[in-house]
Q: 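Pasting in a structure now, in structure tokens, and then I'll have a few things to ask.
Worth saying up front: this structure is predicted, and the values here are computed from it rather than measured.
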Amino acid sequence: LLSSVFLSSRTSAQLVAPLGCLVSRQKHTLPDLPYDYGALEPHINAEIMQLHHSKHHATYVNNLNVTEEKYKEALAKGDVTAQVSLQPALKFNGGGHINHTIFWTNLSPNGGGEPKGELLEAIKRDFGSFANFKEKLTAVSVGVQGSGWGWLGYNKEQGRLQIAACANQDPLEGTTGLIPLLGIDVWEHAYYLQYKNVRPDYLKAIWNVINWENVSSRYASCKK
């Protein structure tokens with residue numbers, strides 16, 4: 001688990017050291033959005049995007065940095081009890097950072113419609129049709145109890161697309177082995193200011209801003 005969080009949240013393998021000998025590292029930083037906070041309106045309003053990005057995601061990044069420092073100290077001291085006690089915070093904040101970093105790129109003001117090419121063919125192969133896929137991912141996302149995520153992932157072992165739900169900020173790959181292609185955040189902070197407690201309305205709207213070019217690019221990369 002810990003190695004998944006560390007490895008998934010690094011952009012360069014040079015920043016990762018074996019858990020037994022952590023060296024000086026760069027701190028995680030909040031990624032910039034590739035569009036303005038209001039760019040996804042009317043489907044997701046600017047206030048939600050600003051709070052979601054600059055407050056919620058920023059908090060995961062800050063807490064992840066603090067937790068990793070504590071973990072580094074526990075490693076240096078050989079304090080296994082402290083290392084184990086820090087794992088939930090690493091999973092939660094590391095997952096929050098990983099998930100949101102994917103989520104922002106999965107959205108676009110020029111999104112919506114259907115994917116093209118290989119991704120569309122794979123969706124038809126594994127779900128029967130794009131409409132069936134959309135209905136299934138929406139249903140899985142609506143059905144998340146409490147807070148969590150709905151995901152389209154790639155099962156590399158089986159060579160097929162798969163839908164999954166993850167609780168809280170559990171990262172898809174670190175907890176299921178599926179490679180994340182498209183994530184839908186169904187925490188209330190992602191939609192409550194605009195859609196109140198009506199999650200299905202938010203999920204209906206978000207399909208209008210899905211960045212299929214990004215999802216297709218992720219699919220092509222994980223098949224290599």
Side-chain angles (χ1 to χ4, degrees), residues 1-2 4-12 15 26-41 43-68 88-109 111 137 140-141 144 146-154 163-176 178-195 199 202-203 205-215 217-218 221-222:
L1 167 64
L2 283 173
S4 315
V5 172
F6 275 84
L7 290 170
S8 299
S9 59
R10 291 289 190 270
T11 54
S12 166
L15 299 181
Q26 284 188 358
K27 288 191 173 184
H28 302 282
T29 57
L30 181 68
D32 293 331
L33 289 186
Y35 38 77
D36 293 333
Y37 285 134
L40 303 182
E41 291 188 340
H43 310 293
I44 305 177
N45 69 35
E47 186 180 13
I48 286 175
M49 292 300 295
Q50 183 172 7
L51 288 170
H52 198 172
H53 176 258
S54 69
K55 301 297 182 183
H56 291 281
H57 189 173
T59 298
Y60 298 128
V61 171
N62 293 337
N63 288 342
L64 178 58
N65 286 323
V66 169
T67 304
E68 284 191 347
L90 275 176
K91 183 180 182 181
F92 183 77
N93 294 294
H97 180 37
I98 292 167
N99 294 342
H100 285 87
T101 299
I102 295 168
F103 183 59
W104 307 133
T105 64
N106 278 167
L107 304 177
S108 168
L137 181 53
V140 165
S141 302
V144 171
S147 300
W149 292 72
W151 288 98
L152 171 66
Y154 181 66
I163 285 172
C166 288
N168 301 312
Q169 292 297 352
D170 290 3
L172 183 70
E173 189 170 4
T175 53
T176 70
L178 298 175
I179 300 170
L181 304 179
L182 169 63
I184 299 180
D185 189 347
V186 291
W187 279 64
E188 283 195 341
H189 65 233
Y191 61 88
Y192 194 86
L193 285 174
Q194 186 171 0
Y195 294 99
R199 185 186 287 178
Y202 157 69
L203 288 166
I206 203 169
W207 289 103
N208 294 301
V209 289
I210 297 298
N211 184 354
W212 290 115
E213 286 187 13
N214 179 262
V215 182
S217 176
R218 290 179 181 279
S221 295
C222 71

Q: To the nearest 0.5 Å, what is the distance between CG on Leu64 and CZ on Phe92?
A: 11.5 Å

Q: Check for a donor-acceptor pair, side chain of Asp170 on one end and backbone N or O of Cys166 on the other, with a separation under 3.5 Å.
A: no

Q: Would you mind reporting whether Leu40 and Leu107 have side-chain heavy atoms less than 4.5 Å apart?
A: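 In short, these two side chains touch, coming nearer than 4.5 Å.
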
Q: When you compare the side chain of Trp212 with that of Leu182, does any pair of heavy atoms fall below 4.5 Å?
A: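 Of all side-chain heavy-atom pairs linking Trp212 with Leu182, at least one is under 4.5 Å.
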
Q: Could you state the interatomic distance from CD (Glu41) to CD (Glu47), rounded to the nearest 0.5 Å?
A: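 Glu41 atom CD to Glu47 atom CD measures 10.0 Å (nearest 0.5 Å).
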
Q: Measuring only between side-chain heavy atoms, which start at C-beta, is Leu178 closer than 4.5 Å to Glu173?
A: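 Counting from C-beta outward, Leu178 and Glu173 never come under 4.5 Å.
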
Q: Any idea which heavy atoms bring Pro180 and Leu172 closest together, and the distance?
A: CA-CD2, 3.6 Å

Q: Are a donor atom and an acceptor atom from the side chains of Gln169 and Tyr60 found within less than 3.5 Å of each other?
A: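 Distance-only check passes for Gln169 and Tyr60.
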
Q: Assess the side chains of Thr105 and Arg218: does a donor N or O sit below 3.5 Å from an acceptor N or O?
A: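 Note: Thr105 and Arg218 side chains meet the donor-acceptor criterion.
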
Q: side-chain contact (heavy atoms from CB on, under 4.5 Å), that's the test. Do His189 and Ile48 meet it? Break it down for me.
A: CA-CA 7 Å; His189 65 233; Ile48 286 175; over 6 Å; no

Q: So how far is it from Trp151 CH2 to Phe103 CZ, rounded to the nearest 0.5 Å?
A: 9.0 Å

Q: How close do Thr67 and Asn63 get, counting heavy atoms only, and between which atoms?
A: OG1-O, 2.7 Å

Q: Side chains of Asn211 and Asn106: is there a donor and an acceptor less than 3.5 Å apart?
A: no

Q: What is the distance from atom CD1 of Ile184 to atom OG of Ser141, rounded to the nearest 0.5 Å?
A: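 If I round to the nearest 0.5 Å, the distance is 4.5 Å.
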
Q: Can you check side-chain contact (heavy atoms from CB on, under 4.5 Å) on Val144 and Arg199, steps first, answer last?
A: CA-CA 10 Å; Val144 171; Arg199 185 186 287 178; 3.7 Å; yes

Q: Any chance you could measure Asn93, atom CG, to Glu68, atom CD, to the nearest 0.5 Å?
A: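 If we round to the nearest 0.5 Å, Asn93:CG and Glu68:CD are 10.0 Å apart.
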
Q: In chain order, what residues pass the ring pair (Phe, Tyr, Trp, His ring centres under 6.0 Å) check against His53, with sequence neighbours excluded?
A: Tyr37, Trp104

Q: Do you know which two heavy atoms are closest between Cys222 and Tyr154, and how far apart they sit?
A: SG-CD2, 3.3 Å

Q: Any non-hydrogen side-chain atom of Ile206 less than 4.5 Å from a side-chain atom of Tyr191?
A: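 When only atoms from C-beta onward are counted, Tyr191 and Ile206 do not touch, as no gap falls below 4.5 Å.
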
Q: Kindly indicate whether the side chain of Trp187, heavy atoms from C-beta on, has any atom under 4.5 Å from the side chain of Trp149.
A: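 Of all side-chain heavy-atom pairs linking Trp149 with Trp187, at least one is under 4.5 Å.
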
Q: Does one side chain, of His57 or His52, offer a donor that lies under 3.5 Å from an acceptor on the other?
A: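 Note: His57 and His52 side chains miss the donor-acceptor criterion.
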
Q: Is there a side-chain contact between His28 and Asn62 (heavy atoms, below 4.5 Å)?
A: no

Q: Pro171 and Ile98: which non-hydrogen atoms are nearest, and at how many Å?
A: CB-CD1, 4.4 Å

Q: Are Pro109 and Val209 side-chain neighbours, meaning at least one heavy-atom pair lies under 4.5 Å?
A: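 Counting from C-beta outward, Pro109 and Val209 never come under 4.5 Å.
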
Q: For Glu213, is there any backbone N or O sitting under 3.5 Å from a side-chain donor or acceptor partner on Ser217?
A: no

Q: Going by heavy atoms in the side chains, are Leu203 and Val186 under 4.5 Å from each other?
A: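 In short, these two side chains touch, coming nearer than 4.5 Å.
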
Q: Atom CG of Leu30 and atom NE2 of His100: how far apart are they, to the nearest 0.5 Å?
A: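 So the CG of Leu30 and the NE2 of His100 are separated by 10.5 Å.
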
